[in-house]
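For the numbers below, each heavy atom of this structure counts, side chains included, while hydrogens, waters and symmetry mates do not.
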Amino acid sequence: MFACTIKDRPLLTTKGLFILIFLIGLIVRIIVPELKLLHHDEAIHAWFTYELLTKGTYLYDPMYHGPLLYYLTGAAFLFFSDSDLIARLLPALFGSAIIPLFYILYKEDWLSKNHMLFASLFFALSPSMVYFSRFLRHDIFQLFFTILLMVSLLLYFDKGRWQYAILAAISAACGLSLKEDMPFTILIFGSFFLFMFMAGRIALPSDWKRDVIASILIMTGIGMVFYTTFFTHPEMFLQAPFKAIEHWTGIHGACRLCGGPYWYLLIIGLYEMPIMILAIAGAWYYGVREQGFKEIKAGILGYYNNLRSRRELLRSYVGIPDKYRFIALFAIYWTILSMAFYAYVGEKVPWLIIHQLFPLILIASYQISGKKMIFAAIACVYLVLMMAHVCYTPTDINEPIVQVQNSEEMREVMKMIDTSGSVVVASESYWPLPWYYRGDRWNKVVFYGNRVDPDTFSPLDPDMIITHDTDSYESLEGYEKRQYKLSYWFSWYENENRLFEYYFLRDGKSGSINLDVFVKPRISQRVNYSVQTA
């Protein structure tokens, strides 16, 4: 068993071990949150939140996903400060808050002790889960409400209490107010419980109609408040669903960030290989050794026979027996459908992996005992090393989990901006500058959006001119020309012929957006001196 003992006296109880795992998961998410500059998307989200707080302006745009992220981040900025630190701590706290939900499932007999401890440990140390818990995007918030929805539904069908139906409704509404792919997660959950009901594995509580009506009203109310920006834009309540559908079908067809249907399997193999191996073992244990697949087949046939004989589907409520195996089946069903969905969606981005990885963790931690515990311990070492690499390397890293991350080279660019009296930005690529120079700090910046004739800005006599390197100037009189990475990403084309070597060395070239920076010598000298003496 997963325990530490001295002369049959446990050094740590199950609760103590879980608290230790939770603290580890919390610490790895909250330490040095400002180690790297905000990602391109993070800077946009933080800036939108700042605009909401300072100008009161916000209107739902599916390109930047649902409104709840901006309300939550805005509250944090309001009570603390608008900074990188707070922007990163908020997702870290939501990511950490998922871990106690494993313990709730254990206390309610949905998970065995080892299942709960290993699942929470894998989640606490997972490179992908930790990385995107230190990342101001909607996904970790959405995952929190997804898992809260799962827990609420399991408890509702097991105990039949209306309070769990209300909690499920709140969770679903919050998830829907974060990302446009949440409806598919709700569809997965709903179809699973519907099938379990039709197969006779669960029954409805006596007051289920009341609970359904109350849940619909609550979800509608929350959606109306959030999507209308607290009734500032009432028309958006009806327009938002159509905008979301149009956006998702558009990016699926446009395929801005393409990848084959196997793309996420490669990412899981790159960062979460031990979890994938243990998940295959867990599925085999449930399906073959415990004959779970035969039971599924029998359930399907039984449901078909019930329909043919027109037997009554509504049964007396008795809760859910054999909960360990029920949640294992749920996790397998969830994994298969979520992976199929995200494999089909045209746009492939690394943060979507966490929605597929969570049910995989539930399968991977199923029935771990004996020799599997040795492999699980080795798996944890692998996860720690990989997590440390992707989360705590202070320089730019050539990893697929990094996509359009702002380069650390921009810190030197911003030091020159800080020293300059006036700056011209003549490029359409310029994020994260609006976030880092928000408010009055942007007054020194003259923005053109693309390259213009130098005579346009010469009367300003700016200390710096920033352009895209592919749409730049050969030279500007009185200025030094330097080139810096603005953002970067793993480049398949630079590494496709050396993938085995790359897997172990994690080196090679990355793709990047580069800036040409023209700076007056006196500004350059000041920055060089400050860098050398720092």
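Applying the side chain to side chain donor-acceptor pair (under 3.5 Å) rule to pairs touching residues 132-141 yields Arg29-Ser133, Asp41-Arg137, His65-Arg137, Arg137-Asp139, Asp139-Lys179, Asp139-His355, sequence neighbours excluded.
Using modelled atom types, one finds no donor on one side chain facing an acceptor on the other under 3.5 Å when comparing Asn398 with Tyr488. Side-chain atoms of Tyr106 and Asn114 form no donor-acceptor pair, as typed in the model, at a separation below 3.5 Å. Between the side chains of Tyr342 and Asp181, at least one donor N or O sits under 3.5 Å from an acceptor N or O.
Taking the six-membered ring where the residue is Trp, Tyr286 and Phe293 present perpendicular rings, their angle passing 60° and hence far from 30°. Phe504 and Phe500 have perpendicular rings, their planes meeting at more than 60° on a 0 to 90° scale where under 30° would count as parallel. Taking the six-membered ring where the residue is Trp, Phe189 and Trp334 present perpendicular rings, their angle passing 60° and hence far from 30°. Ring pair Phe132/Phe135 is perpendicular by interplanar angle, where above 60° counts as perpendicular and below 30° as parallel.
Smallest separation of non-hydrogen atoms from Ile401 and Pro127: CD1-O, 4.4 Å. Ser472 and Asp469 make their closest contact through CB-O, 3.9 Å (heavy atoms, listed as atom of the first residue, atom of the second, distance).
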message = Would Val151 and Trp110 count as a side-chain contact (heavy atoms from CB on, under 4.5 Å) here? Give the steps.
response = CA-CA 10 Å; Val151 172; Trp110 286 97; over 6 Å; no

request  = Go through the steps to decide whether Leu265 and Met339 satisfy the test side-chain contact (heavy atoms from CB on, under 4.5 Å), and finish with yes or no.
outcome  = CA-CA 9 Å; Leu265 290 175; Met339 283 190 165; 4.2 Å; yes

ask   = For Asp516 and Tyr473, what are the C-alpha separation, side-chain angles and deciding distance, and is it a side-chain contact (heavy atoms from CB on, under 4.5 Å)?
value = CA-CA 8 Å; Asp516 281 348; Tyr473 311 100; over 6 Å; no

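The six-membered or imidazole ring of Phe341 lies away from that of Tyr344, with a centre-to-centre distance of 6.0 Å or more. Remark: aromatic rings of Phe358 and Phe102 are close, center separation under 6.0 Å. Between Tyr502 and Phe490, the ring centre distance stays below 6.0 Å.
Other residues, nucleotides and ligands contribute only 12 or fewer heavy atoms inside 6.0 Å of the CZ atom of Phe80. Annotation for Glu246: atom CD does not count as buried by contact number, only 12 or fewer foreign heavy atoms lying within 6.0 Å. When the shell of 6.0 Å around CD of Glu428 is examined, it contains 12 or fewer heavy atoms from other residues, nucleotides or ligands. Phe447 CZ: more than 12 foreign heavy atoms inside a 6.0 Å radius.
Contacts of Arg441 classified as salt bridge (charged side-chain N to carboxylate O under 4.0 Å, His left out), with partners at least two apart in sequence or in another chain: none. By the side-chain hydrogen bond (donor to acceptor under 3.5 Å, both in side chains) test, Ser191 is found to be paired with Tyr333, residues two or more places apart in sequence or in another chain being considered. Checked against side-chain hydrogen bond (donor to acceptor under 3.5 Å, both in side chains), Ser491 has no partners two or more places apart in sequence or in another chain. Applying the side-chain hydrogen bond (donor to acceptor under 3.5 Å, both in side chains) rule to Arg325 yields the partners Glu290, Glu295, Asp322; only residues at least two apart in sequence or on another chain are considered. Residues satisfying the side chain to side chain contact (heavy atoms under 4.5 Å, CB included) criterion with Lys243, sequence neighbours excluded, are Tyr60, Pro62, Met236, Gln239. Residues forming a salt bridge (charged side-chain N to carboxylate O under 4.0 Å, His left out) with Glu408 (at least two apart in sequence, or on another chain): Arg411. By the side-chain hydrogen bond (donor to acceptor under 3.5 Å, both in side chains) test, Glu51 is found to be paired with Lys55, residues two or more places apart in sequence or in another chain being considered. Remark: Trp489 pairs with no residue by the ring pair (Phe, Tyr, Trp, His ring centres under 6.0 Å) rule, at least two apart or across chains. Residues that satisfy the ring pair (Phe, Tyr, Trp, His ring centres under 6.0 Å) test with Phe77, not counting sequence neighbours, are Trp435. Under the rule for a side chain to side chain contact (heavy atoms under 4.5 Å, CB included), the partners of Tyr64 that lie at least two apart in sequence or sit in another chain are Ile44, Phe48, Asp61, Tyr70.
Distance alone, capped at 3.5 Å, is enough to place a donor-acceptor pair between the Ser83 side chain and the Ile86 backbone. Formation of a donor-acceptor pair under 3.5 Å by the Gln405 side chain with backbone atoms of Leu37 is found in this model. For the pair Arg506 (side chain) and His389 (backbone), a donor-acceptor distance under 3.5 Å is absent.
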For a quick test of your reading: what N or O donor-acceptor pairs under 3.5 Å do the side chains of residues 375-388 make, sequence neighbours left out?
{"unit_1": "Tyr382", "atom_1": "OH", "unit_2": "Leu270", "atom_2": "O", "d": "3.1"}
{"unit_1": "Tyr382", "atom_1": "OH", "unit_2": "Tyr503", "atom_2": "OH", "d": "3.1"}

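With Val423 as the fixed residue, the side chain to side chain contact (heavy atoms under 4.5 Å, CB included) test singles out one of Leu433, Val519, Ile466: Ile466.
Taking the side chain as every heavy atom from C-beta outward, Trp442 and Pro434 approach each other to under 4.5 Å. No side-chain heavy atom of Tyr271 sits under 4.5 Å from any side-chain heavy atom of Ile353.
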